[in-house]
Number of protein chains: 2
Amino acid sequence: MSALHDHTHCIADALTRAEALCAERGARLTALRRRVLELVWSSHRPRGAYAILEDLSQQDGKAAAPLTVYRALEFLVEQGLVHRIESLNAYVGCADPGAVHSGQFLVCEGCGDAAEIDDPRVGTAIDAAAAERGFRVQRPTVEVRGLCKSCQENPR
Amino acid sequence: MSALHDHTHCIADALTRAEALCAERGARLTALRRRVLELVWSSHRPRGAYAILEDLSQQDGKAAAPLTVYRALEFLVEQGLVHRIESLNAYVGCADPGAVHSGQFLVCEGCGDAAEIDDPRVGTAIDAAAAERGFRVQRPTVEVRGLCKSCQENPR
DNA sequence: GGACATGACGTTACTTTATAACATCGTGCC
DNA sequence: GGCACGATGTTATAAAGTAACGTCATGTCC
Ligand SMILES: [Zn+2]
Ligand SMILES: [Zn+2]
Ligand SMILES: [Zn+2]
Ligand SMILES: [Zn+2]
């Protein structure tokens, strides 16, 4: 994700879409869940549950318990509004909730951004490889570590 | 992995290859590291660091500290003898150490086995998707959850 | 052989991540 | 209002991973 973009817009957009999706589904996007979603979206870097917990304490003055955050995250993941990055134990906002997809990520070791992609070739290749072995795919996880374009151009 | 195979052979084979590879590279496969590798290979199910630690205590009578196991695992991963399954916080023996590969896994929710594959289509697709976005791949992670053939045939 | 460097291992304490069990609150429905 | 159900609060605990420092083993140089 370019460092130069209107991230306020990313956040507002994510919240709007979340409200719409939850309304449509009859899922309850409570104040807490909405706030956690907002905090997850505070950047394009995956954010750990305890980091979000700290945000809640410091920015909102509410000393929440870990479970509070984990439960909100669980809801958001179920609704496809947030993805968990397994290799980081962290969470990142979904770029396209509503669309059916499994989540494929390009995680930059430089800036920490996790760019979500949904490349049909990757999905197809996984499906084919699994099918040949008689394996029924339920949930593919693809997390690619490397260096994003801008971090290659501006190394530290 | 079929439940009906000579797993003793898997273990012996893995240990033999490990010794050969380490000798060739001048890496020190010490008694402890060899033992941890053996314990990782105790099945085709990824095994957590603390499970291995328990094995060490119970089977060998040595009350080791977590770091002991983590250090051995770190070595084994570096040497490509073991892979870490990020989505499980667990480790599994590599099916083909020596060969250059990144590790792609079909992880069965039924029996827990993690079958390692190295499907060129998956690797190629990831490379292509990354290249199009100017992303330089360093370490791809592919972990597919689902049901293996035998667990589909014999559901619980 | 002895001094030395290097890497492996031991020990203790601690941090980070995640969940269990149970109580309470809030909202909507009848 | 009374009830049901899901969301949240509270406390305690489990699981996974690391830091700091000391000691021991192995090999090298002289
Ligand atoms: Zn997504
Ligand atoms: Zn970057
Ligand atoms: Zn086997
Ligand atoms: Zn299976």
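Note that the structure is predicted; figures quoted are calculated from it, not measured.
Computed from coordinates, the B:E74 CD to C:dC9 P distance equals 12 Å when rounded to whole Å. Across the protein-nucleic acid pair, B:D60 atom CG and C:dG10 atom C1' stand 16 Å apart, rounded to whole Å. We find that CG of A:L73 is positioned 15 Å from P of D:dA7, with the value rounded to whole Å. In this structure, B:L29 places its CG atom 15 Å from C1' of C:dG7, rounding to the nearest Å. Going from atom CZ of B:R71 over to atom P of C:dT12 covers 14 Å, rounded to whole Å. Distance CG (A:L56) to C1' (D:dT8): 13 Å, rounded to an integer number of Å. Atoms CD (B:Q79) and P (C:dG7) sit 14 Å apart, rounded to a whole Å.
Under the 3.5 Å distance criterion, the side-chain polar atoms of B:H83 are left unmatched by any main-chain donor or acceptor of B:Q104.
Heavy-atom distances under 4.0 Å link DNA chain C to B:T30, B:L32, B:R33 of residues 30-42 of chain B, given in residue order.
In this structure, A:R45 places its CZ atom where only 12 or fewer heavy-atom neighbours from other residues, nucleotides or ligands lie under 6.0 Å away.
Five base pairs at each end of the helix from C:dG1-D:dC30 to C:dC30-D:dG1 define two local axes, and these are offset by 20° (rounded to 10°).
A:V82 and A:V36 fall within the same hydrophobic cluster, where Ile, Leu, Val, Met, Phe, Trp and Tyr residues are linked whenever their side-chain heavy atoms come under 4.5 Å apart, directly or through other members.
Qualifying salt bridge (charged side-chain N to carboxylate O under 4.0 Å, His left out) partners for A:R34, counting only residues two or more places apart in sequence or in other chains: A:E19. For A:N154, there are no side chain to side chain donor-acceptor pair (under 3.5 Å) partners, not counting sequence neighbours.
Side-chain N/O atoms of A:T141 and A:E86 include no donor and acceptor closer than 3.5 Å.
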For nucleotides 25-30 of chain C, print each protein N/O atom paired with a nucleotide N/O atom at under 3.5 Å, atom names and distance only.
none

Between protein and nucleic acid, restricted to nucleotides 16-19 of chain C and to nitrogen or oxygen atoms under 3.5 Å apart, what atom pairs and distances do you find?
{"from": "C:dA18", "atom 1": "OP1", "to": "A:R84", "atom 2": "NH1", "distance (Å)": "2.9"}
{"from": "C:dA18", "atom 1": "OP1", "to": "A:R84", "atom 2": "NH2", "distance (Å)": "2.7"}
{"from": "C:dA18", "atom 1": "OP2", "to": "A:Y70", "atom 2": "OH", "distance (Å)": "2.8"}
{"from": "C:dA18", "atom 1": "O5'", "to": "A:Y70", "atom 2": "OH", "distance (Å)": "3.3"}
{"from": "C:dA18", "atom 1": "N7", "to": "A:Y50", "atom 2": "OH", "distance (Å)": "2.5"}
{"from": "C:dA18", "atom 1": "N6", "to": "A:Y50", "atom 2": "OH", "distance (Å)": "3.4"}

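Close to D:dT8, at under 4.0 Å from its OP1 or OP2, lies no side-chain N or O of A:T68.
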